[in-house]
Novice: 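I am attaching a structure below and will ask some questions about it afterwards.
In each ligand, atom 1 is the first atom listed, and ligand 1 is the first ligand listed. Numbers here simply count residues along the sequence, with the first being 1.
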Amino acid sequence: MTPFLKTPIEYLKGVGPQRAELLRSEIGVATYEDLLYYFPFRYVDRSQFHKISDLPFLESSAQIKGRIVQVLDAGAGRGKKLIAKFQDETGVIDLVWFQGAKWIKSQLKIGEEYQLYGRAKLYGSAWHVPHPELILISEITQHSGLQPIYSTTEKLSSKGLHSRGIEKLTAQLIKLISAKIPESLPEQLLQSKHLIAKEKALFLVHKPLDFAQVQQARNRLKFEELLLLQLELLLRKHIGMQKQKGFIFSEVGDAFNIFYNEYLPFPLTGAQKRVLKEIRQDVLHGKHMNRLIQGDVGSGKTLVALLTMLMAAGNGYQAALIAPTEILANQHYETIASLLEGLPISIRLLTGSVKKKQRIEIHESLENGSLNFLIGTHALMEETVRFSNLGLVVIDEQHRFGVAQRAKMRAKNSTEPHILVMTATPIPRTLAMTFYGDLDVSVIDELPPGRKPVTTVHRYESHRLRVFGFIKEEVQKGRQVYVVYPLIQESETLDFNNLMSGFEAISRAFPLPDYKISMVHGKLKPEEKDFEMQRFVKGETQIMVATTVIEVGVNVPNASVMIIESAERFGLSQLHQLRGRVGRGAEQSFCILMTGDKLSKDSLKRLETMVSTNDGFEIAEVDLQLRGPGDIMGTQQSGALNLKIADLAKDGELVSEAREEARRILTVDPSLNANEHGMLRIMLSEVLRNKPDWGKIA
Ligand code: ADP
Ligand code: MG
């Protein structure tokens with residue numbers, strides 16, 4: 001990079017050593033470059049103002065000029081809050097802070113004119129504006145154009161570096177950048193994508209005249225950021241492919257063929273066949289397979305995994321299958337053992353509750369190579385578990401496994417075993433492309449024939465009697481019913497009590513001997529859990545009351561009703577997972593989302609989405625909009641991306657464009673040796689130096 005950009009921030013006029021230290025420790029700004037890339041999160045257009053009387057009718061946030069006339073503390077204990085009465089010529093409204101009240105109170109200046117920015121919310125019967133942004137009118141810049149608003153911290157503000165203070169610094173800095181910011185994108189690309197020059201973008205993002213300029217600047221900067229990221233991912237993938245050789249499964253093998261021709265209970269779906277072919281291509285050519293199978297709940301991923309495991313066995317390799325919970329590992333074990341009955345394949349189950357004697361047996365048969373398949377939980381990753389020739393690892397429901405754990409399994413052989421990851425939580429394409437940049441992705445986008453889509457409805461507490469009536473009808477028809485309660489760590493005891501009182505209410509409404517009820521929750525011992533689960537699986541009980549322990553994988557085709565209690569407290573992907581527990585048999589199935597009356601906008605959106613679609617990918621898209629990529633992928637991974645301006649949730653289109661462009665560039669110039677790619681090469685090598693471990697993600 002140019003020395004100019006690396007200039008320590010303390011040399012900028014108005015900074016000095018003390019502020020420099022604060023800028024570094026508070027917001028990570030140490031150089032000119034860092035400050036240039038510290039972007040405003042919003043812009044104020046001083047020509048547009050609303051009135052307090054407009055507030056209840058505005059869809060989006062409002063900007064109002066007014067004065068604070070009174071400040072008071074209200075509420076007590078956890079409900080403590082700070083209220084400020086804010087007045088303009090059309091009325092008065094309450095501004096409310098639930099956090100940071102003490103500091104905010106010390107900052108508010110009664111009687112002075114402020115510009116307020118925020119969104120009105122109905123609270124009881126009164127409108128108020130929670131946690132508004134307030135800027136003293138006297139501190140608003142007097143230049144034309146939009147005013148940038150920067151995020152700041154308490155400490156920075158106390159040293160004069162509130163948004164306005166930061167704005168003054170960036171204004172200083174952008175005066176200096178003329179002819180100092182080399183262009184990083186090839187001229188032709190700028191033209192074809194209608195992107196403005198980098199220097200201009202960095203100037204305008206801090207000092208735009210209007211929103212069109214903001215858009216231009218941000219678009220250019222986002223594109224560059226995403227292009228670099230995609231180049232990085234593609235390069236890593238490419239390097240990984242060259243370095244890692246995988247085992248070759250030179251033939252499909254007898255185990256596979258016999259099973260496929262004589263044992264398979266039903267024909268594969270077209271999608272299952274297609275994915276198998278993709279897998280076959282990976283393992284046939286000495287490539288190290290690192291493949292993700294995305295498929296909605298019930299799409300038949302297990303069978304694809306099993307066929308791949310048989311391929312490994314037929315070529316003389318062992319295979320392991322790891323599930324996230326003991327119940328699920330059990331179920332996989334039983335399904336697979338019964339499917340393989342009669343075939344000369346030895347298979348064992350290893351979980352935390354396997355007794356020592358059996359464990360030793362398993363270890364021995366693994367090490368002497370007489371065991372073909374090992375199915376289990378995390379227990380399987382322990383160091384004492386050694387294989388004689390592990391050729392394939394299948395990981396089910398990958399969301400629950402961390403990056404480090406996957407790496408552990410890969411390390412169990414000197415040649416890394418092939419890895420097949422299965423997930424029932426579809427990930428939007430743009431995210432998959434980014435987070436799994438070095439994984440190949442297969443999609444099973446077809447359900448086995450004859451499935452009827454689950455009918456989903458939303459019901460309030462007041463409908464409970466009717467819902468119970470419906471359960472009775474279904475049970476009388478011979479069906480089984482799940483009733484699921486939330487269990488969230490922070491309020492574990494409370495949730496547990498809810499589960500228990502729910503169980504009591506259900507026991508009263510559905511008395512013995514006509515009805516038999518199972519209950520499964522996290523406080524049971526594994527054996528007890530398993531026992532209860534098995535009773536339901538065998539049809540000895542008709543109603544299963546449970547927490548989300550039943551969420552993943554469980555397969556009871558006769559269960560046709562899923563009641564989700566306090567459904568507003570579940571995330572979308574969890575709701576979708578739970579719904580996937582029904583609709584597995586031939587009967588019409590139902591999912592009933594029970595909620596209280598008070599629902600937030602996001603909760604409503606989630607419930608509406610569930611009612612309107614059964615498509616996991618569509619649901620994943622909505623989930624991404626509501627939660628953002630960090631929450632979906634885990635902050636650790638999204639942190640590794642370190643995006644400053646692009647947003648994977650909102651910039652899907654740009655992600656695809658950048659991906660395409662990165663591919664094009666690497667096809668014509670794989671080592672970025674061309675002159676026009678010189679800056680990209682320099683920037684990339686800097687990125688790669690700073691994030692050495694990134695390659696092992698996924
Ligand atoms: P998931 O993708 O959720 O793991 P499973 O592998 O558990 O789905 O499959 C769900 C159900 O569908 C199982 O009962 C399985 O036996 C059945 N199944 C899988 N593939 C097919 C197929 N091609 N035709 C009919 N049923 C199938
Ligand atoms: Mg499954």
Novice: Which one holds for Thr269 and ligand 1: side chain close, backbone close, both close, or neither close, with close meaning a heavy atom under 4.0 Å?
Specialist: both

Novice: So is Pro557 in contact with ligand 1, going by heavy-atom distances below 4.0 Å?
Specialist: no

Novice: Evaluate the side-chain hydrogen bond (donor to acceptor under 3.5 Å, both in side chains) criterion for residues Gln281 and His285: first the C-alpha distance (whole Å), next the side-chain angles of each, then the deciding distance (0.1 Å), finally the verdict.
Specialist: CA-CA 7 Å; Gln281 286 310 309; His285 296 300; 3.1 Å; yes

Novice: Just distances here: any N/O of Gly295 and N/O of ligand 1 closer than 3.5 Å?
Specialist: no

Novice: Are any of the side-chain heavy atoms of Phe387 and Glu367 separated by less than 4.5 Å?
Specialist: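 Counting from C-beta outward, Phe387 and Glu367 never come under 4.5 Å.
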
Novice: What atoms of ligand 1 come within less than 4.0 Å of a heavy atom belonging to Pro267?
Specialist: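 Counting from 1, the qualifying ligand atoms are 22 (C), 23 (N), 24 (N).
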
Novice: What atoms in ligand 1 come closer than 4.0 Å to a heavy atom of Arg584?
Specialist: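 Answer, ordered by atom number: 3 (O), 7 (O), 10 (C).
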
Novice: Of the backbone atoms (N, CA, C, O) and the side-chain heavy atoms from C-beta on, which set of Gln272 has a member under 4.0 Å from an atom of ligand 1: side chain, backbone, both, or neither?
Specialist: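 Side chain only; the backbone of Gln272 stays clear of ligand 1.
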
Novice: May I ask you to decide if the ring planes of Phe468 and Phe510 are parallel, tilted or perpendicular, using 30° and 60° as cut-offs?
Specialist: perpendicular

Novice: Could you check Ile362, Leu390, Leu366 and say which one makes a side chain to side chain contact (heavy atoms under 4.5 Å, CB included) with Val385?
Specialist: Leu366

Novice: Can you tell if the side chain of Phe536 reaches within under 4.5 Å of the side chain of Val556, non-hydrogen atoms only?
Specialist: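 Side chain of Phe536 against side chain of Val556, heavy atoms only: contact under 4.5 Å found.
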
Novice: Using distance alone, determine whether Pro449 and ligand 1 share an N or O pair under 3.5 Å.
Specialist: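 N/O-N/O distance under 3.5 Å: no.
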
Novice: List every atom of ligand 1 that sits less than 4.0 Å from any heavy atom of Leu268, numbering the atoms from 1 in the order shown and giving each element.
Specialist: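 Checking each atom against Leu268, I get 23 (N).
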
Novice: Tell me whether the count of non-hydrogen atoms from other residues, nucleotides or ligands lying under 6.0 Å of CD in Glu341 goes above 12.
Specialist: no

Novice: Quick one: which ligand 1 atoms are inside 4.0 Å of a heavy atom on Thr302?
Specialist: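 The atoms of ligand 1 under 4.0 Å from a heavy atom of Thr302 are 4 (O), 5 (P), 6 (O), 7 (O).
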
Novice: If you measure from each heavy atom of Gly298 to ligand 1, is any distance below 4.0 Å?
Specialist: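 Contact present.
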
Novice: For Tyr460 and His463, take the angle between the two ring planes, folded into 0 to 90°, and tell me which bin it lands in: parallel under 30, tilted 30 to 60, perpendicular over 60.
Specialist: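 Because their plane-to-plane angle lies in the 30° to 60° range, the rings of Tyr460 and His463 count as tilted.
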
